[in-house]
Amino acid sequence: MIKTYLSNLLKEALEKLKIDNYTLNLDYPKNLENGDLSTNIAMTLAKPLKKSPKQIAQDIIDNLHYDKSLISKIEIAGNGFINFTFSAVFYHKLLEQIANYGQNFGKQEIGKDKKVIVEYVSANPTGLLHLGHGRNAIIGDTLANLYEWLGYDVTREYYFNNAGNQMRNLAKSIYARYRQILDNPNYPFPEDGYFGDYIIQIAKDFIAKNGDKVIEATDENLKVFQKFGEEWNFIGIKNTLNRLNVNQSSYFNENSLYEDGKIKALLEELHQKDLTYEKDGAIWLKLTKLGLEDDRVAVKTTGEPTYRLPDIAYHREKFLRGFDEIVDIFGADHIATVPDVLATVKALGFDTKKVKVVIHQFVTLTENGQQVKMSKRSGKSYTLDELIDEVGADVVRFFLLMRGVNTHLEFDLNLAKEQSDKNPVFYLQYAYARISSILQKVKEQEISISNSIDFSKLQEKVELDLIKKISDFPKIIYDACEKNEPHILSDYLKELSTIFHNFYHHCRIIGESEGIFVARLKLAQITQITIKNGLDILGISSPEKM
RNA sequence: GCGCCGGUAGCUCAGUUGGAUAGAGCAUCAGCCUUCUAAGCUGAGGGUCGUGGGUUCAAAUCCCGCCCGGCGUACCA
């Protein structure tokens, strides 16, 4: 909000000087002596204008028409930075504006009339979710929330693969356990099967329902096991997601692409565009023709498509469904498919600029400095559910959000279990609870609050710092969404909480004179709304008491 | 071999798209509760930004080489 105000002024001045080819940067100086806001515009213009930065800076200032009651100081510093210092009056007006937004502070209309689809989790129903899926789920869910706050119409979608090899593997694994339990303890378990104990549980549940009537290992019977396993796992997955406050309303399954003939149609279209050929009994995609390194197999010699084909068909569907933006959340292990899919979809005539692919790196779980292994197939998996049982959904969400998506995330189980000030989640929630506590006390004591609020009573430095920080909130939401980086928001909330705790220690509310009391109370309320809105977006609860 | 991501304080990580004296949390040390919740606040120490070059008024940030770690490079998804 502050930046917008100042950049408009600067644009006017530059227009007067007939300078039109520039990029305007406004930064918050690290050093307080350098004002509230700073621009390097004069330095970047030095070369094209062939003038000294200081001269240009002076020219700009001379042409700047501003309200002296709002900006208290403008100076040229260093090699040509222009530093602006705002007056208390400016912040008071800012706070008035923010107060008018009420509960909706932070909501925007940038995405009005635009449809976005965010695809996340998308784990195949071959087992329960683990920590890696968790990161995917939380990033996707939070981005979806951010889009909603920007005014987009958001579809939250889960794509799952219920055809193909992995699912047959699941069926065979369940079947083997089934036989082991029923009639043959030595029945061979498939080498690349799913070794987790949950498979045994699925087999037991299966027996309870169906008994021994599907004892023959026919293809038809295996399908029965597959269906049963798929549903069993899916119920578990949905349940886990629910516990994490992740709610997807749209499910897209791979099978439907076959059933509706979409795969066949796609192959046909690719063939017509001369993007496929046959070799060694398989059908290949001519990806080299589209500028990629190697051609890849689209249909195996078995007649079954590789994952690529349905992936392409699915993305084609997303375009046809009319979304303005398409967001995919993938783990780093899926990175190989991205160029193939995008290049092919583009060749089919779609604008792939609409697609944003968010690749997140892996998560490692550590306990007492030791890494805890989490492999689904080996069976020694630490499931997301177990983690939620141990530390709670708020902590899981926050820990999975608080790093940039591009860095490996170390989930420290000891720190997460810590129910104390060491745990960063509580720091934010505590700020919220503290404000609740004050508001509660005001209510209990039936202190009369006058309706007229005079923000000019707020003159302490912490008070102005707090207002300044609060005013950044809408921009933070925008940035976090634009850059696909939820941690921008969690970092911001930490900083906001710090300033609030600071304010809390320096400034009393209850017991101050009427004018100050009312102004500070309102400031605290607005802080609370900001924290609440931020936590809502992160999908974390805001406790009234701690 | 090739491709993608990362290497910043003892540990985990930020770093506003090239800006001013590189930051935070945890850990360590020293202080602050008869006052709205001490799950808080104040202060101190701690750095060859992996490494070698280059680009310019200015590089943790951009370009090139090298080293280390993760992932990928399937007719698995």
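Keep in mind that this is a model prediction, so the values were computed, not measured. To find a chain, count down the sequence lines: A is the first, B the second, and so on, and within it residues start at 1.
Rounded to whole angstrom, the span from the CD1 atom of A/I359 across to the C1' atom of B/G3 amounts to 13 Å. We find that NE2 of A/H360 is positioned 13 Å from P of B/G72, with the value rounded to whole Å. For the pair A/L342 CG and B/C4 P, the computed distance is 15 Å after rounding to whole Å. The interatomic distance linking A/K422 (NZ) with B/A27 (C1') rounds to 9 Å, in whole Å. Between the C1' atom of B/A74 and the CH2 atom of A/W284 lies a distance of 10 Å, rounded to the nearest Å. The interatomic distance linking A/R135 (CZ) with B/C71 (C1') rounds to 13 Å, in whole Å. The distance from atom CZ of A/R434 to atom P of B/C33 is 15 Å, rounded to the nearest whole Å. Going from atom CG of A/D340 over to atom P of B/A74 covers 10 Å, rounded to whole Å.
If you take atom C1' in B/G15 and the same atom in B/G23, they sit 7 Å apart, rounded to whole Å. B/G25 sits 34 Å from B/C63 when the C1' atoms are compared, rounded to a whole Å. When the P atom is used for both B/U56 and B/C71, the distance is 40 Å, rounded to whole Å. Between the C1' atoms of B/G10 and B/G19, the separation comes to 30 Å (whole Å). Only the P atoms considered, B/G50 is 8 Å distant from B/A9, to the nearest whole Å. Atom C1' of B/U48 sits at a distance of 12 Å from the matching atom of B/A60, rounded to the whole Å. B/C64 sits 15 Å from B/U55 when the P atoms are compared, rounded to a whole Å. The gap from the C1' atom of B/U17 to that of B/A59 amounts to 13 Å, rounded to the nearest Å.
At a threshold of 4.0 angstrom between heavy atoms, the contacts of A/T306 are confined to the sugar-phosphate backbone, with no base atom among them. Among the protein residues, A/I335 comes within range of the sugar-phosphate backbone only, with heavy atoms under 4.0 Å from sugar or phosphate atoms but none that close to a base. At the heavy-atom level, A/A282 lies under 4.0 Å from base atoms of the strands shown. If you check every strand for non-hydrogen atoms under 4.0 Å, A/N423 touches nothing. The residue A/A433 sits close to a base: some heavy atom pair falls under 4.0 Å.
For A/N502, whose side chain is taken as the heavy atoms from C-beta onward, the closest listed nucleotide among B/A77, B/C41, B/A39 is B/C41. In this structure, of B/A39, B/C36, B/C71, it is B/A39 that holds the atom nearest to the side chain of A/F426. Considering only the side chain of A/Q361, B/C5 comes nearest among B/C5, B/C76, B/U21.
The nearest heavy atom of RNA chain B to A/H501 and to A/Y307 marks one nucleotide each, and the one closer to the 5' end goes with A/H501. Residue order along RNA chain B, read from the 5' end via each residue's closest nucleotide, puts A/Y504 first among A/K47 and A/Y504.
In this structure, the side chains of A/F81 and A/T39 stay at 4.5 Å or more apart for every pair of heavy atoms. By the 4.5 Å heavy-atom criterion applied to side chains, A/K54 and A/M43 are not counted as neighbours. A/Q361 places none of its side-chain heavy atoms less than 4.5 Å from the side chain of A/T407. Side-chain contact check for A/T364 versus A/F411: every heavy-atom pair is 4.5 Å or farther apart. Between A/Q248 and A/V121 the shortest side-chain heavy-atom distance falls below 4.5 Å.
Ring geometry for A/Y314 against A/F252 counts as tilted: the plane angle lies between 30° and 60°, on a 0 to 90° scale. Ring geometry, A/Y251 versus A/Y158: the interplanar angle falls from 30° to 60°, so the pair is classed tilted.
Note on A/R296: a side-chain N or O is less than 4.0 Å away from OP1 or OP2 of B/A74.
One side chain, A/Y194 or A/Q166, offers a donor N or O that lies under 3.5 Å from an acceptor on the other. No donor-acceptor contact under 3.5 angstrom links the side chains of A/D36 and A/T85, judged on distance only. A donor-acceptor contact closer than 3.5 angstrom links the side chains of A/D295 and A/T288.
The glycosidic torsion of B/C66 lies more than 90° away from 0, placing the base in the anti range. In this structure B/U42 sits in the anti conformation; its chi angle is more than 90° from 0.
A stem is defined here as three or more consecutive Watson-Crick or G-U pairs, each with both distances under 3.5 Å; for RNA chain B these stems are B:1-7 with B:67-73, B:10-13 with B:23-26, B:28-32 with B:40-44, B:50-54 with B:62-66.
Under a cutoff of 6.0 Å and an axis angle of 45°, A/R434 and A/F500 do not form a cation-pi pair.
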Which letter, B, S or -, goes with each nucleotide of nucleotides 7-20 of chain B from 5' to 3', with contact meaning a protein heavy atom under 4.0 Å?
-----BSSSBB-BB
Apply salt bridge (Lys or Arg N to Asp or Glu O under 4.0 Å) to A/D328 and A/K356, showing your working.
CA-CA 6 Å; A/D328 295 336; A/K356 286 212 279 188; over 6 Å; no
